Amino acid sequence: MLAAATLPSVAGGCDRDDAPAGRVVIPFWFTYGGRNRATLEKLVTRFNLGQHDVWVRAVFQGDYFEGLAKLRTALAAGAAPPLSHVVGEVVPYLAEAGVLEPLDAYPEAHQLGLLPSLDQSGSFRGGAERPLVALPFNRSTPIAYVNAALFGDREPPRSWEALGDVARELTVTGRFGFGCPIDWWYWAALVGQAGGQVVEQDGRVSLGGNAGVAAIAFWQSLVRSGVMKRPPGRDYNAWEQLSQDFLAARVAMIWSSTAFVRYLEETADFPVRALPLPHGVRGSVPTGGTHFVLLKSAPRELKLAAWRFVRFLLEAESAAFWSRETGYLPVTSAAAERLASSGFYASHPNHRVALDQLSVAEPWPWSTRLFRIQREVVQPRLEAAVLENRNPAEVLAEARAAAEERDP
Amino acid sequence: MKPSRPAEPFWLLLPMLTSLGLFFLYPLVSAFKTSFYDWDLLTAPRFVGWANYRAIFASGELLGSLGTTLAISSLVVVGSLVLGLALALAVHRPGRLAAFARSAVFSAYVVSWVAVGLLFLWIFDADAGVANRALAGLGLPSLPWLTSTRLAPVTVALIVIWKVTGYAMVVFLSGLSALPPEIAEAAALDGAGPWARLRHVTLPLLRPTAAFIATTSLIASFQLFDVVRLLTQGGPVRSTTVLVYAIYEQLFRDLRVGRASALVVVFFVVLSSLSWLKLRAFRAEEAP
């Protein structure tokens, strides 16, 4: 972490004063920490040294939600950067607020070779009918990580029942068999696996109906039986806590993002194996991570310069490098092919798990309310339902009512 | 007598008044105005009257966070008063050891809240934390310091008490130093023992000091944010969502500037009331 923090000055990629004269300097707000941050900064340096017109000044802005808060504040203050990246759930909201730059007219905007499940049209139901405003880069799905030394030669759990059985087998005094943040993203995965959708095709916020209830009940049963660790803290604090528990062998199997493949592999003192999530009545995973956005308010010159940087990041070499060094999905077909043909997936099968899971990836609805539903309505209630063992049907009925509440 | 340069005091006050106006009055007036609007910072604000106030009442956000704040603050006030007084009485004596103890206890007060938060995150970790390891060493069951809705607010209060007790001790020490020694000597001559002198002489004379500490601790704990942000993020299940953290959530998590502003206005009214009570208490003490 310290190394990552000091890298910008060493790499010379993140300081305004380092920009050679005559370059267009573009501030780029990013929200990756640790190893992923260091990898991005290498790409920034590579871009800055690889041409003579543009200088990217990458500025770390905390986690996704902290970065989003700062971006909104900067937009209100008229000081937004030309380029940033935001979580998928907030893209429709920002797009409808009119702060995102439509990218359709930018050079080759529709010839980037993005993987269909990860671009705007595949990530959002109805995304294809809207102006192009978001481009994927660090995209992910949830996957399972197991401590292979403890997991042994067991079969990967293919169903919820099998997951519970394995968790029970791996639970001993001082160690939980399974751990998962009580978080919207994983709940959405369970809802899909139970056959439901958070928002129906007609836009109704069903929160999965019975599937939503089953998802909460599944977590409750695992927590109640003492085989699942519910990490303390909220949002990414809980994710980080769970990673630490996994690395310290206090939890044998966790659900987390594919973004941590490389980090967990290199940090753990035991072999780490990645597995796809189990199926319920069907296979289903949400996609996660963020999309690049250009901010409409920035001067045209900066937006064009930012577009050059985005194009660079989406080149096969850059996208493959990013995926290889982090664990995020390769967002273009060319990058995925490059990794496959170079034998990378054969030697690093953990990196391949999320890519294979894209076959059951569920798009998010293009809904301006999605972000509020996530942050205000569902997330706080999930925690209450699991921790206080509340009736899941009542919790979700309450959440549905709250989701339907309109602003005054 | 008529002052020769009547405008001079106002010129001298101008820098402070400007600073107060710019960084205190203007934001407050602005928050009051914004509290009547529905605004997400991105789209145009929309006037909604008292709807934001109704919403924070109806959702339980205001009463819940106010209740949590009051509960934590009460523990902090009582804890810092008792511990601060006990420590002040223990170290109110000459000698190097007492001086060292005074410095050691006060040092916690000058540590940044972020450092304190990170330190206690490590201490109260459910599995690897020092606190639970110590309990295990004593053969006691581990405690869900930060993961139980009942215990988490107490844990937060304990951390604040640890942080502010040094300040309470120093103020009590200054109060003890200011007590006229002849009163205690007279009581001793009348046959009062150490406990009787403490109970009937020292403590009554320290009442203004205690009132000062109580009100400053109360106001300080009302402003609690950093530790909550680092340790619990308001959870589990909103059990540590104090008022300032609720404002932060409304503004930065939920994109609701209007509701956050309504909470700010209520927060201002509550703090003003507390300050008024403090002033009233002091004036009552000073009255003949």
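Numbers restart at 1 for each chain; the letters A, B, ... are given by sequence-line order, proteins then strands. This structure is a prediction, so every number in the text was calculated from the model and none was measured.
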Please report the interatomic distance [atom1]([X]) to [atom2]([Y]), rounded to the nearest 0.5 Å.
{"X": "B:Glu249", "Y": "A:Arg375", "atom1": "CD", "atom2": "CZ", "result": "8.5 Å"}
{"X": "A:Tyr93", "Y": "B:Leu42", "atom1": "OH", "atom2": "CG", "result": "5.0 Å"}
{"X": "B:Ser239", "Y": "A:Glu383", "atom1": "OG", "atom2": "CD", "result": "8.0 Å"}

Would you find more than 12 non-hydrogen atoms of other residues, nucleotides or ligands less than 6.0 Å from B:Phe225 atom CZ? yes
Are there more than 12 heavy atoms of other residues, nucleotides or ligands under 6.0 Å from atom CZ of B:Phe47?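 Above 12, so yes.
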Donor-acceptor contacts under 3.5 Å from residues 66-76 of chain A side chains, at least two apart:
{"from": "A:Glu66", "atom 1": "OE1", "to": "A:Asp63", "atom 2": "N", "distance (Å)": "2.9"}
{"from": "A:Glu66", "atom 1": "OE2", "to": "B:Arg229", "atom 2": "NH2", "distance (Å)": "2.6"}
{"from": "A:Lys70", "atom 1": "NZ", "to": "A:Gln61", "atom 2": "OE1", "distance (Å)": "3.4"}
{"from": "A:Arg72", "atom 1": "NH1", "to": "B:Asp40", "atom 2": "O", "distance (Å)": "3.1"}
{"from": "A:Arg72", "atom 1": "NH2", "to": "B:Leu251", "atom 2": "O", "distance (Å)": "2.8"}
{"from": "A:Thr73", "atom 1": "OG1", "to": "A:Ala69", "atom 2": "O", "distance (Å)": "2.7"}

Only pairs of heavy atoms separated by less than 4.5 Å count here; which of B:Leu230, B:Leu41, B:Leu255 has the most with chain A? B:Leu255
Could you tell me which non-hydrogen atom of A:Glu388 sits nearest to which non-hydrogen atom of B:Thr149, and how far apart they are?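 Result for this residue pair: OE2-CG2, 4.0 Å.
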Could you check if a side-chain atom of A:Pro380 sits within less than 4.5 angstrom of a side-chain atom of B:Arg238, using non-hydrogen atoms only?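 Answer no - side chains too far apart.
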Taking atom types as modelled, is there a side-chain donor on B:Asp125 or A:Gln241 under 3.5 Å from an acceptor on the other?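 A donor-acceptor contact under 3.5 Å links the two side chains.
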